[in-house]
Amino acid sequence: MKYIAVIGCSLYMLAGCNLTEHSEQRSLDNKNTSTDVQSSLLANDDICEKGDANLRQPHEDCQPPSEGVIEVEHPVENIEQTLVNALKIHDDIAESSQEVMPNANLWFYVAEQLEFDVPSNQGRIIAQKNWYLKHPNYMQRVSNRASPFLYYIVDRLEAEGMPLDIALLPIVESAFDPFAYSHGRAAGMWQFIPGTGKNYGMKQTWWYDGRRDIIESTNGAIAYLKRLHKMFDGNWLHALAAYNSGEGRVMRSIRKNKRLGKPTDFWSLDLPRETRAYVPKLLALTDILRNRESNKFAWPSIKNTPVLDIVDVGSQIDLSKAANMAGLTTAELQALNPGFNRWATDPDGPHHLLIPLSNLDTFKVALTQTPASDMLNWVRYKIRSGDSLDKIANKYNTTTDVIKEINNLKTSRIIAGKHLLVPVALKSIEEYALSADQRLKKTQSVVRGSHKTEHKVRSGDTLWDIAQKHKVAVRDLAKWNKMAPRDPLKVGMNLVVWSGKPSMSVSQSAISRNITYRVRSGDSLSRIANRFNVSIQEIVQWNNLQGKKYLQPGQKLKLTIDVTKT
């Protein structure tokens, strides 16, 4: 997160918690791999996790710190599975690729070139390291998200002469989730706020957000980090701290220490709590990867070969049409190209798409056979009395600028009875499941209370006014609507407002069933929890397993499952 601090928030005491003190820290780890119930039921300080979409409420002492922290949201559940699916048939060609580097596992290639020194006795690093070591499944999910993009990132870092330790930074920033966003207005894998993103070439329009584009955000992050590295006279720890909290804050802390005759190394600086943990996180990951054998940590595997290619389509294209041309699902193409907000690429570019190598020939052949006029579907719309360009644009999920350009309109004045040519999505908007509209719709549909009210934004409205009217917190109102508290409102926006506590009895009676499950050989609490989409702790509570060490084949477990999710 860049340049963001929340002022005046109370701090939670974290004494004794071996957790990752970062803004993205979010939930319990419900997927422990051990069959040992005791090891699965880690102490509260061991079950706080960042970057997991499956939210649970951790112990009070393990809440993330509040000062200088913007919580990161992961709006797309199981995005890692969609990304893995997008590369599903690449394995066959990976083996024969001529570009395979010396190590078969790309992470191990990175490990051999790690440059950062990691102090062995620094408590902040040890705390972060212990957390990662206790959550191998978390690292596997992160690695799955990284799998399509890591080769490109490593390649760009090497081309710019950057330490490959930086390839680990998206783990700290976003858990390698290109759809991650924060209520501090940061977005994407590298977590850029709007202003910094624009400063580093990341275009942001209704159609497109370069902060989520893998190519543009990676290039921007490298450029920003190189500038910070130079600004802080080659001190990478200072540069990384500035990447997190802003160069001004780090510079002021260095000047203050100089004035007081104190050391100015990173560990001696007075920095926000998040930043004091941010750098140790990266160093902890560096140490674990470099010394994975002595740490007894099975670091996940990513094939050390390119898996994607960049294709310039040359014009605006419907993402569903592009997916069909590549032999992918629309969601898979969107997951690989998360910068596109809507059902098509931005009419003004960029027009590049990331396509799996295994699908590349198919896509290029289809592309040569498809004229530019067929990249989109069109409707010939007859203007009716009372119509406006805004109304027509909203109806067809496009913009007035696009309609004006296509129809050579110099003003927004239109005449009833005349016709307009309007681009339309190939499929229903719901089919573009990872578009900004659909992600917002999913966020707003999450039940946060017993009663939902919809508010249509009028001229002069502010989040504070709406929150006061409905007696809710501004931060909650923003979160329910996938916004940051400081985001501007637009007239006509639809906001949801929740009140009261969710009625668990109502939801359970509608969608839940009680079943009895017989434990099989090889079963673990983690495996059973994953299979039925419940948490380990719920299984333990339902079956009074506290203090019991092992599951036994034939043992019967009572489970309450949501039949809509299993």
request  = Answer yes or no on whether Lys558 is positioned over the face of Tyr517, meaning its NZ or CZ is under 6.0 Å from the six-membered ring centre and within 45° of the axis.
outcome  =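 Negative - Lys558 is either too far from the ring of Tyr517 or too far off its axis.
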query = ring pair (Phe, Tyr, Trp, His ring centres under 6.0 Å) with Phe340: which of Phe179, Trp206, Tyr208?
reply =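 With Phe340 as partner, ring pair (Phe, Tyr, Trp, His ring centres under 6.0 Å) holds for just one option, Tyr208.
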ask   = Looking only at heavy atoms, which two atoms of Ala473 and Ala467 are closest? And how far apart?
value =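 Taking every non-hydrogen atom into account, C-CB, 4.2 Å.
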Is a side-chain donor-acceptor pair under 3.5 Å present for [Y] with [X]?
| X | Y | value |
| --- | --- | --- |
| Gln81 | Asn144 | no |
| Tyr432 | Asn397 | no |
| Thr218 | Trp190 | yes |

key: Side-chain (Arg211) to main-chain (Ala186) donor-acceptor, under 3.5 angstrom   =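 No, the answer is negative, given that no donor and acceptor are paired below the 3.5 Å cut-off.
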task = Using atom types as modelled and distance alone, determine if a side-chain donor or acceptor of Asn407 lies under 3.5 Å from a backbone N or O of Leu420.
result =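 It does not hold such a pair.
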query = With the threshold set at 4.0 Å, does a side-chain nitrogen-carboxylate oxygen contact exist between Asp476 and Lys479?
reply =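 No.
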request  = Identify whether the distance between the nearest side-chain nitrogen and carboxylate oxygen of Lys321 and Asp374 falls below 4.0 Å.
outcome  =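 The answer is no: the pair does not qualify as a salt bridge.
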request  = With sequence neighbours left out, write down each residue that passes ring-ring contact (aromatic ring centres under 6.0 Å, His included) with Tyr152, or none if nothing qualifies.
outcome  =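 Counting only residues at least two positions away or on another chain, Tyr152 forms no ring-ring contact (aromatic ring centres under 6.0 Å, His included).
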ask   = Residues two or more places apart in sequence or in another chain: which of them pass side-chain contact (heavy atoms from CB on, under 4.5 Å) with Ala344?
value =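 Trp207, Gln316, Leu376.
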message = According to side-chain hydrogen bond (donor to acceptor under 3.5 Å, both in side chains), does anything in residues 465-474 pair up with another residue at least two apart or in another chain? List the pairs.
response =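 For residues 465-474, and leaving out neighbouring residues, the side-chain hydrogen bond (donor to acceptor under 3.5 Å, both in side chains) pairs sorted by first residue read Thr462-Asp465.
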ask   = Quick one: side-chain hydrogen bond (donor to acceptor under 3.5 Å, both in side chains) pairs with a partner in residues 382-396, sequence neighbours left out?
value =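 Every side-chain hydrogen bond (donor to acceptor under 3.5 Å, both in side chains) pair that includes a residue of residues 382-396, provided the two are not neighbours, is Tyr381-Asp387.
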request  = Only counting residues at least two apart or in another chain, list the ones meeting salt bridge (charged side-chain N to carboxylate O under 4.0 Å, His left out) with Asp213.
outcome  =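 Asp213 satisfies salt bridge (charged side-chain N to carboxylate O under 4.0 Å, His left out) with no residue once adjacent residues are dropped.
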message = My understanding is that only residues two or more places apart in sequence, or in another chain, count here; which of them pass salt bridge (charged side-chain N to carboxylate O under 4.0 Å, His left out) with Asp461?
response =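 So Asp461 forms no salt bridge (charged side-chain N to carboxylate O under 4.0 Å, His left out) with any residue.
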